[in-house]
Amino acid sequence: MTRPKILVTGARGQLGFELARLLPAHGEVTALNHMQLDLEDADALRATVRSLQPALIVNAAAYTAVDQAEREPGRAEAINARAPGILAEEAKSLGALLIHYSTDYVFDGTVSEPYAEDSSANPLNTYGRSKLHGEQAIFASGAASLVLRTSWIYGLRGQNFLLTIRRLANEREELRIVADQFGVPNWSRALAEVTSTLIGQGLAALIERSGLYHVSARGSTSWFEFARAIIGPVEKPRVVPITTAEYPTPARRPLHAVLATAKLERVFGLALQDWRTTLERCLAAA
Ligand SMILES: NC(=O)c1ccc[n+]([C@@H]2O[C@H](COP(=O)([O-])OP(=O)(O)OC[C@H]3O[C@@H](n4cnc5c(N)ncnc54)[C@H](OP(=O)(O)O)[C@@H]3O)[C@@H](O)[C@H]2O)c1
């Protein structure tokens, strides 16, 4: 049997790196990084998909600099909205499946209940708006797609909260961490594993179940508690809780964005792990 061709974009990102490691179990993977495929270059994007003719496109590339996006809304929109729309159009004309990732930042975080897929989106910042536009462009194309919203990605490579906290813990006596923003930390590898498990169910089954899904570890926490869990029970540095108001950033962030994952678990028969279990696995892999 011929192995399906799989195109992975953003291959040097947190998630893209893990996908590029895992997805060869399912097909012939071409994993391209930013230098090899620039999502801002619409012609290159179309040409790459047309020449490769993948059965599956996994778009892990994105403009993820949340604060910087406030100064570069055009680039955020080109990478997070226009490019996924193009990938979806190309997937549609090939009869391919597109797997794409979106974010909890499409929500405003004003309710304390977890958000379901059909909860109303109301992004507070440019990044969240551009990601929402990406979802809309994909669904408007009519392509078979899984749009997977997730949150607070960390891992052992790239730029993320876990690596920042581990570095600062060695440099400082005291860490002041926001304690009034709640969400769910997700290890990049665990997200890639879920993606791989889904692909293992077969592309036809995924095409049949096209749509929007929340993919996240179970439970929820604050950045403050997440920092304490990363550092563990040590005396130094002291971790001090602060408010969002004490740590102003260019982009506003949702105060309580937890994604309900019941739809994904029911439709695909998956059981997701608690965020603390996943964090322990990540720290053990360090
Ligand atoms: N990080 C989070 O906390 C978070 C939370 C919720 C959802 N998500 C979503 O999850 C997905 C994966 O995120 P991640 O954390 O793995 O992001 P990441 O580590 O920032 O990786 C994104 C990758 O996209 C690449 N990229 C940026 N602009 C590009 C362009 N014009 N053309 C091609 N590649 C480009 C980056 O390459 P360079 O670094 O070389 O520019 C980077 O390797 C994204 O869709 C993101 O929106 C992330």
Side-chain angles (χ1 to χ4, degrees), residues 7-22 30-46 48-49 57-69 72 74-84 86-88 98-107 109 115 121 123 125-135 137-138 145-164 181 183-192 194-195 212-217 223 226 251 253-254 257-259 261 275 282:
L7 170 62
V8 176
T9 67
R12 253 197 313 221
Q14 300 190 77
L15 185 53
F17 176 81
E18 299 292 344
L19 289 166
R21 288 177 65 218
L22 286 180
T30 302
L32 301 178
N33 63 35
H34 192 163
M35 304 260 287
Q36 295 162 316
L37 177 63
D38 181 357
L39 265 67
E40 277 188 90
D41 185 342
D43 292 338
L45 205 50
R46 289 195 194 278
T48 300
V49 178
I57 302 171
V58 185
N59 182 32
Y63 184 106
T64 56
V66 176
D67 289 315
Q68 201 175 314
E72 294 192 308
R75 278 195 74 203
E77 194 69 18
I79 298 165
N80 291 344
R82 191 184 62 187
I86 292 170
L87 287 173
L98 172 65
I99 297 182
H100 173 80
Y101 299 90
S102 190
T103 173
D104 57 327
Y105 281 14
V106 299
F107 295 116
Y115 286 104
N125 57 44
T126 301
Y127 165 77
R129 266 190 301 279
S130 70
K131 293 295 290 184
L132 181 61
H133 294 158
E135 296 179 1
I138 290 170
S145 63
L146 297 184
V147 175
L148 307 176
R149 282 188 189 141
T150 189
S151 63
W152 295 18
I153 300 182
Y154 66 88
L156 298 172
R157 339 169 353 110
Q159 284 188 345
N160 60 66
F161 186 80
L162 178 137
L163 292 180
T164 302
Q181 279 176 35
V184 189
N186 280 288
W187 185 22
S188 51
R189 186 171 301 170
L191 291 172
V194 171
T195 306
L212 178 61
Y213 295 91
H214 290 174
V215 181
S216 174
W223 291 112
F226 184 30
R253 284 153 169 82
V258 175
L259 300 173
T261 56
W275 71 268
C282 174

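Both counts, for ligands and for their atoms, begin at 1 and track the order of listing. The first residue of the sequence shown is numbered 1, and numbering continues consecutively from there.
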*Between the main-chain N or O of Ala60 and the side-chain N or O of Thr9, is there a donor-acceptor pair closer than 3.5 Å?*
yes

*State which residues pass ring pair (Phe, Tyr, Trp, His ring centres under 6.0 Å) with Trp223; sequence neighbours excluded, sorted by chain then number.*
Trp152, Phe161

*Does Arg75 have any salt bridge (Lys or Arg N to Asp or Glu O under 4.0 Å) partners at least two apart in sequence or in another chain, and if so, which?*
Glu40, Glu72

*asked:* I'd like to check the ring pair (Phe, Tyr, Trp, His ring centres under 6.0 Å) partners of Tyr127; sequence neighbours left out, ordered by chain and number.
replied: none

*Tell me, with the steps shown, if Asn160 and Ile153 meet side-chain contact (heavy atoms from CB on, under 4.5 Å).*
CA-CA 7 Å; Asn160 60 66; Ile153 300 182; over 6 Å; no

_Pocket residues of ligand 1, ordered first by chain and then by residue number (heavy-atom cut-off under 4.0 Å)_ = Arg12, Gly13, Gln14, Leu15, His34, Leu37, Asp38, Leu39, Glu40, Ala60, Ala61, Ala62, Thr64, Ile79, Tyr101, Ser102, Thr103, Tyr127, Lys131, Thr150, Ser151, Trp152, Ile153

*Are Arg253 and Asp104 ion-paired here, with the side-chain N under 4.0 Å from a carboxylate O?*
no

